[in-house]
Amino acid sequence: MADDEAEIYDGIRAEFPLTFGKQSKAQTSLEAIHNTTRRSVNNPPEKPSSTKTNDLPSLSSSSQTWLTSLRAPKNPKPNPNPEPSPADDEDGDGDVMIGPPPPLPQSEISESDDDDGEMIGPPRPPVGSNMADSDSDSDSDSKLENRYRIPLSNEIVLKGHTKVVSALAVDHTGSRVVSGSYDYSVRMYDFQGMNSKLQSFRQLEPSEGHQVRTISWSPTADRFLCVTGSAQAKIYDRDGLTLGEFVKGDMYIRDLKNTKGHISGLTCGEWHPRTKDTILTSSEDGSLRIWDVNDFKTQKQVIKPKLARPGRIPVTTCAWDRDGKRIAGGIGDGSIQIWNLKPGWGSRPDIHVQNSHSDDITALKFSMDGRILLSRSLDGSLKVWDLRQMKDPLKVFDDLPNNYAQTNIAFSPDEQLFLTGTSVERESTTGGLLCFFDRAKLQLVSKVGISPTCSVVQCAWHPKLNQIFATAGDKSQGGTHVLYDPTLSEKGALVCVARAPRKKSIDDFEAKPVIHNPHALPLFRDQPSRKREREKTLKDPLKSHKPELPMTGPGFGGRVGASKGSLLTQYLMKQGGMIKETWMEEDPREAILKFADVAAKDPKYIAPAYAQTQPETVFAKSDSEDEEK
């Protein structure tokens, strides 16, 4: 029965054009989708292209990267099974040879050898065998990825920011990503609701004119903390709605412990890893503060770091340990200070490491087991510290350029590796890199190129998604690069990459009809058009209150200046010669002395009143007369 219906349908369908009826959508395989986001290792970097095909997520070719020689094998293996081509058909009989060519006869081999006719060394291996390429470096990267399970095969970029992305936070479920930038904005991305266009669903501006420096999710992932360059941190809910803003302190109070809040710009902030109501912030005013999220007007604790000499030295970064029982702070004088949260604790640090770095510390990170502490600094170094013996670092990694105060460090989910980003230097040829280090061996494992022109600032390795997030940018662009592997990663980027954008249907276009109802009541009747009446009013200078034209000089450009004067009487007197304007050509001293004789003979006003009592004026003789005598 079903076969008969199919035959009838096909017969009827053949009578209509192919474009008639509902069109079946061409399904794109997941393999083809992931091929569009694959990171090309051996291709040189190209200029970014704005063209897109098939509505699939496309990498900017500068990010598509350019891993260049960082991960490219020295001697790439030839393909053992090349595609057959018509050029391979030498006989012209249509039979194409598949596989490697057969080995040459011994006679030909001996003829092509040295003049002595003797073969030196072992016989050459057949072409295409595994022995032909014995360079072990070609597989080093793949072995490395298999050993540490680093998801690096594919990449997408979450764009939208116009400057470097300085803050990044991925919630614990891995569904939402929040990024902040030097362009003063915060963008929120949702993997579950995002399609392959990778657009943010919300954009915020927490504090106008202040850079976003840190974003941190609460342990329950229902709120997040946003720290900007202002003195007040803000709390937002999961959808980006403002829940509150912490109070600002009085800048005229000298003792920081007596102020209600920070008085200078914030530098860092982090939510308590266990308690959903507690957060920690650090500031340029030289203090760390613990806040209660339920009360934005009061603070729990004020921590003043220990300083060699009194003053206000900024606290550049802060961090909780895994259980929230210890606080670490990076001080502007290069020291690292750690406080244990115990009953009766105060501002005196339990661990104080002076001159740990020669420049500002940008990030501190505790390990999950609480044994080591990682520190990153603007001096271009990353140091590994043993919390049981903090006098000297276990290892110092140099040559990691850092130009941003928000450059952080992250651990892999199993903490076998830790990673950080590098900045682009002016005279350097290498771009922004993501460097991976082995925790056990304390050595550099791999360098992965993220962008040829942009610096890498923030990085994160999500444990549930097994995807690596790295923010990059410069003064004119910024984005969040998401590295993943379809065979190792779960959800996250895999969900939104496979979701094609919805095509607009006819229902998306809403026409606004114009309804004419001439017999409606006066209250509901359409107002008549008054366009002609307005145009007529504009032409009338009295009704439109047209302003007078400006006068740029006497008698020019304005209505009043048409008679070369402000009054008609003045104009007529000038024309009759009764008013002569000679003051422009006359000497002012001579003009005053003309009335000197008249004033002496016939004084008026003040002089007659004092005529009887006024003494006779005696003038001093000039110096020239004395010299002549």
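Looking only at side-chain heavy atoms (C-beta outward), N408 and R376 stay at 4.5 Å or farther from each other. Side-chain contact check for S196 versus V497: every heavy-atom pair is 4.5 Å or farther apart. Looking at heavy atoms from C-beta onward, L198 lies out of side-chain contact with K159 at the 4.5 angstrom threshold. Within the 4.5 Å cutoff, the side chain of S381 has heavy atoms near those of the D398 side chain. Side-chain atoms of S179 and L158, non-hydrogen and from C-beta on, never get closer than 4.5 Å to each other. No side-chain heavy atom of N403 sits less than 4.5 Å from a side-chain heavy atom of V424.
Salt-bridge check for D369 with R439: passed, with a basic side-chain N closer than 4.0 Å to an acidic carboxylate O.
Ring orientation note: the planes of F436 and W461 are nearly perpendicular, at an angle over 60° on the 30°/60° scale. Using the six-membered ring where Trp is involved, F469 and F191 have ring planes that are tilted, between 30° and 60° apart. Using cut-offs of 30° and 60° on the angle between ring planes, the pair F296 and F246 is tilted.
From F397, atom CZ reaches atom SG of C435 across 10.5 Å, with rounding to the nearest 0.5 Å.
At a cut-off of 3.5 Å, with distance as the only test, a side-chain donor of Q203 or R187 sits close to an acceptor on the other residue. A donor and an acceptor atom, one from each side chain of D360 and T316, are nowhere located under 3.5 Å apart. A donor-acceptor pair shorter than 3.5 Å cannot be found between the side chains of S283 and S264.
Cation-pi geometry between K234 and Y236 is not satisfied (NZ or CZ under 6.0 Å from the ring centre, within 45° of the ring normal).
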